[in-house]
Amino acid sequence: MNHIELAMKQGAALIAAAAGKITDKPFKYPVMEIPKNTAHGDFASGFAMRTAGELNLDKRAFAQSIADNIDFAGTYYESASVAGPGFINLKLGNAWFCDVLLGIDGMGAAYGRTASENPEKIMVEYVSANPTGPMHMGNARGGVLGDSLSEILSWAGHTVEREFYVNDAGNQIEKFAQSILARYKQLILGEQNVPFPEDGYQGEDIRTIAKAFFDANGDRLPCDENALKDELGTFGLSVNLPKMRRDLERYKISYDTWFFESSLYESGEVEETVRLLEKSGYTYEKEDALWMRTTDFGCDKDEVLRRSNGFYTYFAADIAYHRNKFATRGFDRVIDIWGADHHGHVLRMQKALDAIGLDGTNRLEIVLMQMVRLMSEGEVVRMSKRTGKAISLSDLLDDIPVDAARYFFNMRASDTHLEFDLDLAVRQDSENPVYYVQYAHARLCSIMKALEQDGISARVRAPRLDMLADPAEVELIRALAQLPEEIKLAAASREPSRINRYVTGVAAAFHRFYTDCRIRDAGDDALRDARIFLCGCTATVLKNSLTLIGVTAPDHM
RNA sequence: GUGCCUGUAGCUCAGCAGGAUAGAGCAACUGCCUUCUAAGCAGUAGGUUGGGGGUUCGAGUCCCUCCAGGCACGCCA
């Protein structure tokens with residue numbers, strides 16, 4: 001149990017015990033909260049206000065009698081007071097703050113990790129961009145979100161696997177192959193002599209792939225164009241997939257598994273899954289197509305599983321894919337990160353899994369991610385000035401440091417639109433928020449180095465931590481204590497952006513401490529050493545927090 | 001038309017399960033470096049939490065309604 005939980009549990013028990021002395025009536029166990037303004041106390045409870053009504057008591061008077069009846073012996077608390085309409089405020093003694101720091105020092109790089117009360121085997125699937133072209137800003141945001149969330153879930157005590165679903169089957173890939181074939185033929189027969197498919201991929205990258213194939217294989221015409229098309233599709237994937245992997249790795253995003261949609265067709269799982277759905281009784285045939293009666297589950301309309309031309313839909317393959325995740329690979333929970341434009345797909349996916357007995361409603365979670373708007377000079381940027389095309393992930397990384405990109409993409413809750421200020425992200429100055437946090441860490445390292453140059457060890461033995469009583473010191477320790485709790489909350493709410501906000505708060509608390517409290521010239525060696533110890537703990541918390549969101553903690557700037 | 005998301009300071013956004021005086025950053029203004037990194041700190045100013053109603057000791061938070069913006073509604077993925 002972390003120190004926040006410990007303090008809350010003790011506080012609740014104290015209030016419950018004191019209330020028990022006043023009334024025999026049963027009551028709900030008190031809820032503790034951290035007041036916004038810590039001048040009110042370290043922890044507070046609205047228990048008296050909630051309960052006084054049922055007992056026909058005056059709120060403040062009831063709160064006061066509870067406060068008067070608390071016995072603090074054997075706890076971290078030392079006093080209680082009543083304020084406002086009837087809050088009971090509890091004040092922690094010194095021992096709690098000392099224990100927080102000793103705990104951080106003891107756990108080091110593992111500080112913030114907790115065991116889950118209910119550990120699960122979780123798959124997080126993210127990005128899963130079509131391998132038919134460059135990745136865009138939505139993929140970039142999804143990548144950061146998925147990667148950070150996976151890390152956070154793992155720190156919160158779950159077993160996590162990260163997966164990229166490669167859509168290498170179906171219509172998009174067919175169009176991709178046809179587009180490459182057309183470019184290849186144009187290369188040989190002349191652009192005006194070969195029509196380009198109307199809904200083909202227009203991008204320059206398709207020409208590059210066709211050219212690369214031509215350079216390697218020369219003129220293969222005339223031939224069986226269908227076979228050549230398939231070969232070109234495969235060739236195209238062999239170019240694009242490693243490139244995606246490289247771009248993602250450059251972005252510090254890696255996966256445990258790359259799962260190929262085509263494997264579901266090869267193994268017969270798509271067919272098998274559709275058969276199961278038919279057996280469930282929720283399907284019917286209409287105009288030669290096989291439909292699923294998703295309206296039975298509250299969806300707007302029924303969905304096609306197998307088209308009249310005999311091909312399965314993406315929906316059918318996706319059901320088979322998720323069946324594979326749950327039934328074949330045994331995940332307790334699957335979290336998919338999707339663009340918000342796919343939200344219509346959520347309910348029917350969950351319900352389709354319900355229909356085959358896999359409880360998608362409770363075990364498949366979709367984190368929907370709103371759009372990214374790139375801004376520059378106060379205007380929305382739709383295209384890259386250099387290429388004239390939509391800005392790709394690799395374009396972005398050419399311009400913006402990975403740390404800044406990762407920090408920016410994780411600044412907002414996933415379900416809000418993200419405004420990404422390109423000018424701000426490239427700035428190497430204080431206006432860029434990522435530097436505010438990194439600077440705090442660099443400052444800490446610099447202090448340690450300066451001290452060691454003066455022959456003062458940064459490894460303090462038996463520090464007098466009770467000497468840390470300056471308000472700036474107390475606030476800093478309070479912030480440091482919050483990390484394990486913050487990770488749990490971020491994990492439970494599937495909201496990695498909480499960590500950005502948290503780490504900014506820690507940096508702010510540290511900068512205030514740095515301004516208010518001298519370290520080397522503390523005026524007292526014991527106080528100096530206690531502050532050095534506090535600095536060490538702060539560096540640990542900053543580094544661990546930044547690690548969670550994939551941002552580096554530099555030693556100097 | 002139906003469904004989902006959003007609306008909080010000039011701008012970008014926090015606000016956990018309803019709590020005390022609605023908070024940060026940027027922009028503006030004023031101070032602070034002979035002293036461990038000023039990429040920092042402190043202060044001033046800035047608000048009808050989109051409008052209206054309801055629930056209650058208490059609403060930015062929950063419910064209803066209206067307004068505004070985004071997205072989705074294919075035998076596409």
Side-chain angles (χ1 to χ4, degrees), chain A residues 31 33-37 39-40 44-46 49-50 52-53 59 83-87 89 130 132 167 169-173 175 199 261 286-291 299-301 303-309 311 313-315 317-318 339-347 368 370-371 373 375 378 411-413 415-421 424 427-440 442-451 453-454 456 472 485-486 489-490 492-493 495 497-498 500-501 504-505 507-508 510-516 518-522 531 535 556-557:
Chain A
V31 177
E33 54 195 70
I34 301 176
K36 279 180 199 155
N37 182 353
H40 289 122
S45 176
M49 290 180 288
R50 263 174 257 234
K59 292 184 297 239
F87 287 100
N89 292 318
N130 262 321
T132 50
N167 302 120
N171 258 345
Q172 300 303 316
I173 277 303
K175 259 169 38 184
D199 55 351
E261 183 184 0
K286 190 179 87 182
E287 291 160 14
D288 296 330
L290 181 69
W291 294 71
C299 299
D300 298 347
K301 54 189 180 49
E303 295 293 328
V304 174
L305 292 167
R306 190 177 55 231
R307 300 193 286 257
S308 53
N309 62 11
F311 288 106
T313 58
Y314 176 84
F315 181 48
D318 216 13
D341 52 342
H342 289 72
H343 76 253
H345 192 52
V346 176
L347 188 62
L368 290 176
Q370 294 291 333
M371 300 291 112
R373 229 176 12 158
M375 302 291 287
M411 279 207 298
R412 305 286 170 241
D415 64 358
T416 64
H417 294 259
L418 175 75
E419 191 154 307
F420 193 113
D421 188 330
L424 189 56
R427 287 184 72 150
Q428 306 256 330
D429 62 28
S430 58
E431 282 183 33
N432 191 337
V434 67
Y435 289 99
Y436 182 81
V437 178
Q438 291 186 316
Y439 178 55
R443 246 184 170 179
L444 276 160
C445 294
S446 167
I447 294 166
M448 300 299 189
K449 207 189 292 171
L451 287 167
Q453 275 169 6
D454 291 354
I456 301 166
E485 195 63 14
E486 203 60 49
L489 288 168
S493 58
E495 198 43 84
S497 65
R498 290 188 68 108
N500 280 45
R501 271 169 250 126
T504 306
F510 167 70
H511 286 311
R512 275 193 290 273
F513 158 75
Y514 178 87
T515 305
D516 291 354
R518 300 293 304 171
I519 297 160
R520 186 198 297 153
D521 319 315
R531 284 180 176 165
C535 284
H556 61 90
M557 289 172 77

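Within every chain, numbering begins at 1; the chains are lettered A, B, ... in the order of the sequence lines, protein sequences first and strands thereafter. What you are looking at is a predicted structure, and each value in this text was computed from that prediction instead of being measured.
When the C1' atom of B/U35 is taken as reference, atom CG of A/Asp454 falls 13 Å away, rounded to whole Å. The nearest whole Å value for the distance from the CG atom in A/Leu368 to the P atom in B/G3 is 17 Å. Computed from coordinates, the A/Ile34 CD1 to B/G19 P distance equals 13 Å when rounded to whole Å. Between A/Tyr439 atom OH and B/G40 atom P there is a gap of 7 Å when expressed in whole angstrom units. In this structure, A/Leu444 places its CG atom 15 Å from P of B/C36, rounding to the nearest Å. Rounded to an integer number of Å, the gap from CE of A/Met49 to C1' of B/A20 is 8 Å. A/Ile447 has its CD1 atom 15 Å from the P atom of B/U35, to the nearest Å.
In this structure, A/Arg373 is not positioned above the aromatic face of A/Phe420 in the sense of NZ or CZ being under 6.0 Å from the six-membered ring centre and within 45° of the axis.
Closest to the side chain of A/Thr515, out of B/G40, B/C36, B/A20, is B/G40. Of the listed nucleotides (B/U35, B/A38, B/A20), B/U35 has the atom at the smallest distance from the side chain of A/Arg518. You'll find that the side chain of A/Met557 is closest to B/A39, out of B/A20, B/A39, B/C41. Here the nucleotide nearest the side chain of A/His511, chosen from B/A39, B/G40, B/A20, is B/G40.
Close to B/U37, at under 4.0 Å from its OP1 or OP2, lies a side-chain N or O of A/Ser446. Between A/Tyr436 and B/C41 there is a side-chain N or O to OP1 or OP2 distance below 4.0 Å. Residue A/Arg512 places at least one side-chain N or O under 4.0 Å from the OP1 or OP2 atom of B/A42.
Residues satisfying the salt bridge (charged side-chain N to carboxylate O under 4.0 Å, His left out) criterion with A/Lys301, sequence neighbours excluded, are A/Glu303. In terms of the salt bridge (charged side-chain N to carboxylate O under 4.0 Å, His left out) criterion, A/Arg501 has no residue partners (sequence neighbours excluded). Partners of A/Arg50 under the side-chain contact (heavy atoms from CB on, under 4.5 Å) rule, at least two apart in sequence or in another chain, are A/Glu33. Scored by the side-chain hydrogen bond (donor to acceptor under 3.5 Å, both in side chains) test, A/Asp199 finds no partners at all (sequence neighbours excluded). In terms of the salt bridge (charged side-chain N to carboxylate O under 4.0 Å, His left out) criterion, residue partners of A/Arg498 (sequence neighbours excluded) are, by chain and number, A/Glu486. With sequence neighbours excluded, the residues forming a ring-ring contact (aromatic ring centres under 6.0 Å, His included) with A/Tyr439 are A/His511, listed by chain and number. For A/Thr504, the side-chain hydrogen bond (donor to acceptor under 3.5 Å, both in side chains) partners are A/Tyr407, not counting sequence neighbours. Not a single side-chain hydrogen bond (donor to acceptor under 3.5 Å, both in side chains) links A/Arg307 to another residue, sequence neighbours left out. The salt bridge (charged side-chain N to carboxylate O under 4.0 Å, His left out) test applied to A/Arg518 returns A/Asp521, not counting sequence neighbours.
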I'd like a list of close polar pairs between nucleotides 12-15 of chain B and the protein, N/O only, cut-off under 3.5 Å.
unit_1 : atom_1 : unit_2   : atom_2 : d
B/U12  : O2'    : A/Arg412 : NH2    : 3.2
B/C13  : OP1    : A/His417 : O      : 3.3
B/C13  : O2'    : A/Arg412 : NH1    : 2.7

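Remark on RNA chain B: of its neighbouring residues A/Gly84 and A/Asp516, the 5'-side contact belongs to A/Gly84, judged by nearest-heavy-atom nucleotide. Mapping A/Ile519 and A/Glu33 onto RNA chain B by nearest heavy atom places A/Glu33 closer to the 5' end of the strand.
Panel note: side chain A/Asn309, backbone A/Phe311; a donor-acceptor pair is recorded below 3.5 Å. Listed for the A/Thr313 side chain is a donor-acceptor partner under 3.5 Å among the backbone atoms of A/Val304.
Against the 90° criterion about 0, the sugar-base torsion of B/C71 places it in the anti range.
Nucleic acid contact class of A/Ala450 (heavy atoms, under 4.0 Å, all strands): sugar-phosphate only. Counting non-hydrogen atoms under 4.0 angstrom, A/Ala44 reaches a base of the nucleic acid. Using a 4.0 Å heavy-atom distance criterion, A/Asn89 is classed as a base contact.
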RNA chain B base-pair string [pairs: Watson-Crick or G-U under 3.5 Å; |: paired with another strand]: (((((((..((((.....[...)))).(((((.......))))).....(((((..]....))))))))))))....
Heavy-atom protein contacts under 4.0 Å, nucleotides 72-77 of chain B, coded B base, S sugar-phosphate only, - none: SS-BSB
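Judged by centroid separation below 5.5 Å and plane tilt below 30°, A/Tyr514 does not stack onto the base of B/G40.
Annotation: B/U61 and B/G18 have their P atoms spaced 11 Å apart (nearest Å).
By the 30° and 60° cut-offs, the orientation of the rings of A/His345 relative to A/Tyr314 is tilted.
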